[in-house]
Amino acid sequence: MLVINIHDAKTQFSKLVEAVSQGDEIVIARAGKPAARLVPITPKKTVRQPGALKGKLQIADDFDASLPNEIQSAFEGD
């Protein structure tokens, strides 16, 4: 873990962000006392739950019915 003062952090911010993206942790100090911590973001793993939308969606009874001729011909380029 690297400790760096605020002034140096401002002048080297891009390098610090790169170091953090590689997994390092950086403490930013003010007058030698820790003031903030720069850490990498860890993506949250979302847990999929089957059936979570049950009862919230409706599918029309004619969902898979044939399209009207004029729309079907537009898709087919006729």
Is Glu70 atom CD crowded by more than 12 heavy atoms from other residues, nucleotides or ligands, each under 6.0 Å away? yes
Heavy-atom count check: over 12 atoms from other residues, nucleotides or ligands less than 6.0 Å from Ile41 CD1? no
Shortest non-hydrogen contact from Arg37 to Val39? CG-CG1, 3.6 Å
Lys56 and Ala52 have their tightest heavy-atom pair at NZ-O, 3.9 Å
Reported CG-to-CD distance for the pair Asn69 and Glu76, which is rounded to 0.5 angstrom: 9.5 Å
Measure the spacing between CG of Asn5 and NZ of Lys10 and express it to the nearest 0.5 Å. 10.0 Å
Hey, quick one: are Phe13 and Ile28 part of the same hydrophobic cluster, counting side-chain heavy atoms closer than 4.5 Å, chains of contacts allowed? no
Is it the case that one hydrophobic cluster holds both Val20 and Ile6, taking links as side-chain heavy atoms less than 4.5 Å apart, direct or via other members? yes
Linking Ile, Leu, Val, Met, Phe, Trp and Tyr by side-chain heavy atoms under 4.5 Å, what else ends up with Val27? Met1, Val3
Output all residues satisfying side-chain hydrogen bond (donor to acceptor under 3.5 Å, both in side chains) with Gln12, sequence neighbours left out; order by chain, then residue number. none
Measuring only between side-chain heavy atoms, which start at C-beta, is Leu38 closer than 4.5 Å to Leu16? yes
